[in-house]
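Shown next, in structure tokens, is the structure this report addresses.
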Protein chains: 2
Amino acid sequence: MKEQGQGQELTIQQVAEMTGFSVHTLRYYERIGLMDPIPRAKNGHRFYQKNDFEWIVLLARLRNTGMPIVQMQRFAAMMRLGDAGISQRRALLEDHERMLLEQAQEIRQTLDLLRDKIDYYRSWEAEVKGEIHEKGG
Amino acid sequence: MKEQGQGQELTIQQVAEMTGFSVHTLRYYERIGLMDPIPRAKNGHRFYQKNDFEWIVLLARLRNTGMPIVQMQRFAAMMRLGDAGISQRRALLEDHERMLLEQAQEIRQTLDLLRDKIDYYRSWEAEVKGEIHEKGG
DNA sequence: TTACAAGTTTGAGCACGCTCTAAGTCAATA
DNA sequence: TATTGACTTAGAGCGTGCTCAAACTTGTAA
């Protein structure tokens with residue numbers, strides 16, 4: 001029995017490979033309420049559907065950009081509220097958007113600094129090499 | 001005795017305020033070798049000089065952009081090598097540069113996604129509001 | 001039918017990066 | 001002289017986010 005329904009199911013391994021989460025982490029996230037309970041096959045194994053997968057991809061993006069678990073839990077809770085949670089969900093995403101803009105600026109400034117230093121090291125290396133060359137003949 | 005030398009010294013408090021690190025963290029960083037030992041006044045209090053301060057600002061940028069402590073320790077060790085450490089230092093900074101470029105891309109993609117969702121929520125909110133308005137008269 | 005691979009659960013363990021505590025020193029002020 | 005406040009040290013403690021361990025079930029392949 002390789003397929004359970006319309007053949008759209010993914011095993012936990014497959015989801016792990018596709019999202020970058022470990023299987024441990026996927027189970028952990030389900031445990032702490034970041035996902036609704038994933039449907040199980042008769043043998044107890046999870047099978048993930050398309051909409052589960054898309055939710056996990058969203059979680060991955062949020063997590064990879066530094067959203068704390070507790071905030072993702074709040075977001076998941078708002079999802080369960082349906083209409084009643086829309087404004088809160090928007091507010092939470094707008095908060096994260098602001099965070100990312102700040103993060104992006106810090107990265108830009110640090111990239112500028114790094115490039116200055118790298119250039120400086122490069123010229124220093126050239127100089128040292130030049131001296132060695134002179135010394136060496 | 002408010003000033004110790006040319007009046008360029010900073011207390012640990014001042015450095016903390018200026019860099020965003022806590023005084024605890026500044027002492028911790030010194031302990032674990034991220035900074036050379038900071039000179040002390042007769043009473044044992046640290047006084048930070050301009051070059052100490054600049055090094056700490058660099059540490060702050062690296063840390064704020066996600067460089068792990070152990071990598072900063074390697075970088076600090078390379079500083080102590082002088083000329084011999086230049087190429088390694090450049091390589092380490094180039095590694096971090098690459099990391100930041102990836103991070104920046106992840107942020108851009110996530111910002112796109114967030115904006116889509118925020119727009120979607122906004123239109124959803126307008127719709128729900130509209131229905132309430134109709135119902136309410 | 002025996003072995004193996006892939007999954008399950010609950011709970012413990014761990015790496016990282018601080019953060020705090022306790023006990024003490026010192027200089028300035030009331 | 002007593003108190004206050006900012007600092008010192010060494011070491012313990014803690015929050016976050018996984019990550020692993022142990023014991024078990026199930027389905028497939030030899």
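All chains are named by letter (A, B, ...) in the order of the sequence lines, taking the proteins before the strands, and each is independently numbered beginning at 1. Atom set for the values below is all heavy atoms of this structure, side chains included, hydrogens, waters and symmetry mates excluded.
- In this structure, B/L26 and B/I56 approach most closely via the heavy-atom pair CD2-CG2, 3.9 Å.
- Distances shown here put every side-chain N or O of A/Q13 at or beyond 4.0 Å from the OP1 or OP2 atom of C/dA6.
- When the C1' atom of D/dG17 is taken as reference, atom CD of A/Q71 falls 15 Å away, rounded to whole Å.
- In this structure, A/Y28 and A/L34 have side chains that are not in contact, with every pair of non-hydrogen atoms separated by 4.5 Å or more.
- Here the shortest heavy-atom pairing between B/A60 and B/T19 reads CB-O, 4.2 Å.
- Using modelled atom types and a 3.5 Å distance limit, the side chains of A/T65 and A/H96 yield a donor-acceptor pair.
- Scanning both residues, B/I32 and B/Q73, for their nearest heavy atoms gives O-NE2, 2.9 Å.
- A salt bridge between A/R90 and A/E94 is present, with a side-chain N of the basic residue lying under 4.0 Å from a carboxylate O of the acidic one.
- B/D119 places no side-chain N or O within 3.5 Å of a backbone atom of B/D116 that could act as its donor or acceptor partner.
- Using a 4.0 Å cut-off, no side-chain N or O of A/R63 falls inside it from OP1 or OP2 of D/dT16.
- For the pair A/L59 CG and D/dG17 C1', the interatomic distance rounds to 14 Å; values are reported in whole Å.
- D/dG17 atom P lies 12 Å from atom CE of A/M67, rounded to whole Å.
- The side chain of B/R46 contributes an N or O atom lying less than 4.0 Å from OP1 or OP2 of D/dT9.
- Ion pairing between A/K117 and B/E97 fails under the 4.0 Å rule for side-chain N and carboxylate O.
- Scanning both residues, B/M35 and B/L59, for their nearest heavy atoms gives CG-CD1, 4.3 Å.
- Looking at every heavy atom in both residues, A/D36 comes nearest to A/E30 through O-CG, 4.3 Å.
- Comparing B/Q14 and A/P68, the nucleotide of DNA chain D nearest to each residue sits closer to the 5' end for B/Q14.
- Only B/H24, B/T25, B/Y28, B/Y29, B/R31, listed by number, bring a heavy atom of residues 20-34 of chain B to less than 4.0 angstrom from any atom of DNA chain C.
- The distance from atom NE2 of A/H45 to atom C1' of C/dG7 is 3 Å, rounded to the nearest whole Å.
- Distances from the side chain of A/I69 to the nucleotides C/dT8, D/dC18, D/dT9 place D/dC18 closest.
- Minimum interatomic distance between B/G33 and B/A76 (heavy atoms only, all atoms of both residues): O-CB, 3.7 Å.
- Per the geometry, CZ belonging to A/R40 stands 20 Å off P belonging to D/dC24, to the nearest Å.
- Rounded to 10 degrees, the angle separating the terminal helix axes of the helix from C/dT1-D/dA30 to C/dA30-D/dT1, each built from five base pairs, is 20°.
- Ring centroids of B/Y29 and B/W55 are separated by 6.0 Å or more, keeping the two rings apart.
- In this structure, the NZ atom of A/K42 is 9 Å from the P atom of D/dG27, given to the nearest Å.
- Rounded to whole angstrom, the span from the CD atom of B/E17 across to the P atom of D/dA6 amounts to 11 Å.
- Within residues 91-99 of chain A, no residue is approached by DNA chain C to less than 4.0 Å at the level of any non-hydrogen atom.
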